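Values below: every heavy atom of this structure, side chains too, minus hydrogens, waters and symmetry copies. Predicted model, so just to flag it, every value in this text is computed and none were measured.
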Amino acid sequence: MSTTLEIVVPTSSADIRYPIWIGHHLLHRLEELFNLDRYSNVTILSDTQIAPHWLAELRSGTLKDTGVCLLPPGESHKTMEAVQQIWSHLHKEGCDRHSLLLNLGGGVIGDLGGFAASTYMRGIDFLQIPTTLLSQVDASVGGKVGCNFAGVKNLVGAFNQPQGVLIDTELLRTLPQREYQSGWGEIIKHALIQDREYLDEILAFKAGPPSSGSPLAAIIERSCRLKAAVIEQDEKESGLRKILNFGHTVGHALESLSHQTGQPLLHGEAVGLGMIAEAEISVASGYLQPSDVLLVEQALQHFNLPLRIDEPIPWRALRAQMLTDKKNVKGQMRWTLLAEVGQAIFDVQVEEDLVEQSVQRLWTTASGHMR
């Protein structure tokens with residue numbers, strides 16, 4: 001059983017359309033779902049953690065002799081050096097402008113592969129095959145591609161839509177528990193910014209080990225639909241798409257700084273902490289009630305995501321990271337906040353002292369415990 005969504009992105013010349021296939025045991029059906037014969041060359045990009053589990057299944061059929069480029073796993077390898085490695089592999093494989101890159105992996109592989117494909121020979125097609133919950137509900141959908149640079153997350157990148165997204169819930173079977181929990185951070189965000197009733201559905205979902213059944217497929221589909229509805233109105237983040245950044249101004253800063261320590265945060269963990277801080281900023285700005293912050297925390301705690309940081313972070317360091325956020329204008333922070341649970345607003349300016357007070361509450365109590 002599978003579902004197919006179609007994303008339609010309007011452009012000045014012609015609409016960009018591509019499918020999102022969602023279901024169970026879809027990996028071996030790729031050639032049935034997508035016409036690979038029209039490409040002169042097909043290359044698979046993956047990492048050394050994912051490849052032992054799923055590469056052989058993807059390479060069955062006519063893909064058995066397909067070239068493979070493997071990268072080390074993890075956010076620390078989301079660099080320009082990795083992009084150069086992909087370019088070099090494509091060049092050595094003799095890939096031309098009519099080639100296709102299949103990105104088999106989580107958000108790091110999807111972002112790196114999409115960016116490398118967007119720039120190799122000024123652009124070749126790519127298809128996303130996300131293997132983590134986080135990338136299935138967020139990173140693989142919407143066409144944001146890129147890499148980290150100068151210690152800043154996603155500082156270099158582009159907007160470029162894939163030819164399709166194949167979401168196979170079976171791939172979550174080998175996902176570590178912590179990575180699985182991290183994916184729920186973005187799912188919770190979708191509910192907080194767009195759909196209050198969806199939050200109730202999320203809280204009713206049984207937390208536990210990675211699942212590949214139909215209830216999770218329905219959750220993934222709903223998040224993809226919510227994100228697609230935004231992308232179709234604003235592909236390049238000139239307006240509405242900024243609501244998808246709720247929790248990310250603080251979250252990206254925390255994530256980047258954490259990679260300078262021995263305890264790096266996963267993306268969904270950092271975004272969850274960022275959502276708490278930005279919900280607090282929404283309270284301080286007169287939008288939310290304090291009880292709404294507790295609701296955000298309740299949702300995160302349901303999936304065992306952290307609610308606090310053990311060690312305080314110097315405000316100066318955190319502020320410097322937040323000033324690199326791409327929503328900012330002329331050095332002034334622009335915030336995505338919650339007008340209410342289920343409705344986000346963007347381009348909000350907030351007094352810096354209110355931001356500092358709100359963010360510092362992340363380390364005023366023990367990590368992982370409700371206030």
Side-chain angles (χ1 to χ4, degrees), residues 3-12 14-22 107 110-111 114 118 128 130 132-146 153-154 157-165 167 183-202 218-252 267-268 271-272 274-275 278-279 282 287 296 299 325-329 334-348:
T3 301
T4 303
L5 311 181
E6 184 182 54
I7 288 190
V8 182
V9 181
T11 71
S12 57
D15 291 350
I16 299 172
R17 298 173 180 267
Y18 63 92
I20 303 175
W21 304 283
I22 304 170
D111 282 5
S118 301
Q128 305 286 40
T132 66
L133 182 60
L134 182 68
S135 58
Q136 288 184 353
V137 299
D138 187 65
S140 66
V141 178
K144 276 188 177 181
V145 296
K153 187 173 174 70
N154 299 327
F159 292 97
N160 193 24
Q161 303 299 331
Q163 293 299 299
V165 182
I167 297 176
W184 287 94
E186 289 285 359
I187 293 172
I188 292 166
K189 180 203 73 177
H190 291 148
L192 291 174
I193 64 173
Q194 290 172 276
D195 192 337
R196 175 65 177 81
E197 292 182 359
Y198 185 30
L199 187 62
D200 295 332
E201 182 179 335
I202 291 168
I219 290 281
I220 293 170
E221 179 185 344
R222 189 158 178 179
S223 272
C224 287
R225 286 188 185 277
L226 287 170
K227 184 168 184 180
V230 174
I231 303 304
E232 290 177 344
Q233 296 179 67
D234 177 21
E235 180 194 12
K236 297 188 175 179
E237 207 168 74
S238 59
L240 181 65
R241 187 167 181 167
K242 295 177 185 179
I243 69 171
L244 296 173
N245 285 306
F246 175 65
H248 285 63
T249 299
V250 175
H252 275 173
H267 179 71
V271 167
M275 289 192 294
E278 293 176 27
S282 301
Y287 298 111
V296 175
D325 190 279
K326 292 177 282 296
K327 298 187 302 298
N328 297 337
V329 179
R334 295 290 191 272
W335 293 90
T336 295
L337 302 178
L338 295 182
E340 59 184 68
V341 175
Q343 181 183 345
I345 51 177
F346 57 89
D347 284 343
V348 182

Asker: Please list, chain by chain and in numerical order, all residues satisfying side chain to side chain contact (heavy atoms under 4.5 Å, CB included) with Pro19, sequence neighbours excluded.
Answerer: Thr4, Trp21
Asker: What pairs with Arg241 under side-chain hydrogen bond (donor to acceptor under 3.5 Å, both in side chains), at least two apart in sequence or on another chain?
Answerer: none
Asker: Once rounded to the nearest 0.5 Å, what's the spacing between atom CD1 of Ile7 and atom CG of Leu5?
Answerer: 7.5 Å
Asker: Determine whether Trp335 and Asn328 make a side-chain contact, defined as any pair of heavy atoms from C-beta on separated by less than 4.5 Å.
Answerer: no
Asker: Can you list the residues that meet the side chain to side chain contact (heavy atoms under 4.5 Å, CB included) rule with Gln233, with sequence neighbours excluded?
Answerer: Leu240
Asker: Is the closest side-chain heavy-atom distance between Ile220 and Ile187 below 4.5 Å?
Answerer: no
Asker: Hey, are Glu186 and His267 close enough side-chain-wise for a donor-acceptor pair under 3.5 Å?
Answerer: yes
Asker: Do Glu221 and Arg225 touch side chain to side chain, with heavy atoms closer than 4.5 Å?
Answerer: yes
Asker: Just grab all the salt bridge (Lys or Arg N to Asp or Glu O under 4.0 Å) pairs involving residues 226-235, residues at least two apart or on different chains.
Answerer: Asp138-Lys227
Asker: With side chains defined as the heavy atoms from C-beta onward, is the minimum distance between Leu244 and His248 less than 4.5 Å?
Answerer: no
Asker: Less than 4.5 Å apart, side chain to side chain, heavy atoms only: is that true for Leu338 and Glu278?
Answerer: no
Asker: Going by side chain to side chain contact (heavy atoms under 4.5 Å, CB included), name the residues that satisfy it together with Arg17, two or more places apart in sequence or in a different chain.
Answerer: Glu6, Val8, Asp15
Asker: Considering residues at least two apart in sequence or located in another chain, which fulfil the side-chain hydrogen bond (donor to acceptor under 3.5 Å, both in side chains) criterion with Lys153?
Answerer: Glu75, Glu255
Asker: Measure the CD-SG distance between Gln136 and Cys224 for me, rounded to the nearest 0.5 Å.
Answerer: 8.0 Å
Asker: With rounding to the nearest 0.5 Å, note down the distance linking CD1 in Ile243 to CG in Leu192.
Answerer: 11.5 Å
Asker: Under the side chain to side chain donor-acceptor pair (under 3.5 Å) rule, what pairs show up with a residue in residues 336-348, not counting sequence neighbours?
Answerer: Lys242-Asp347
Asker: When rounded to the nearest 0.5 angstrom, what distance separates OG1 in Thr3 from CD1 in Ile167?
Answerer: 10.5 Å
Asker: Which residues pass the side chain to side chain contact (heavy atoms under 4.5 Å, CB included) test with Asn154, not counting sequence neighbours?
Answerer: Lys78, Asp111, Asn148, His252, Lys326
Asker: Quick one: ring-ring contact (aromatic ring centres under 6.0 Å, His included) partners of His190, sequence neighbours excluded?
Answerer: none
Asker: So how far is it from Ile345 CD1 to Tyr287 OH, rounded to the nearest 0.5 Å?
Answerer: 4.0 Å
Asker: Check side-chain hydrogen bond (donor to acceptor under 3.5 Å, both in side chains) between Tyr18 and all other residues, then give those that pass, not counting sequence neighbours.
Answerer: Gln161
Asker: Which residues pass the side-chain hydrogen bond (donor to acceptor under 3.5 Å, both in side chains) test with Asp325, not counting sequence neighbours?
Answerer: Thr249, Lys327
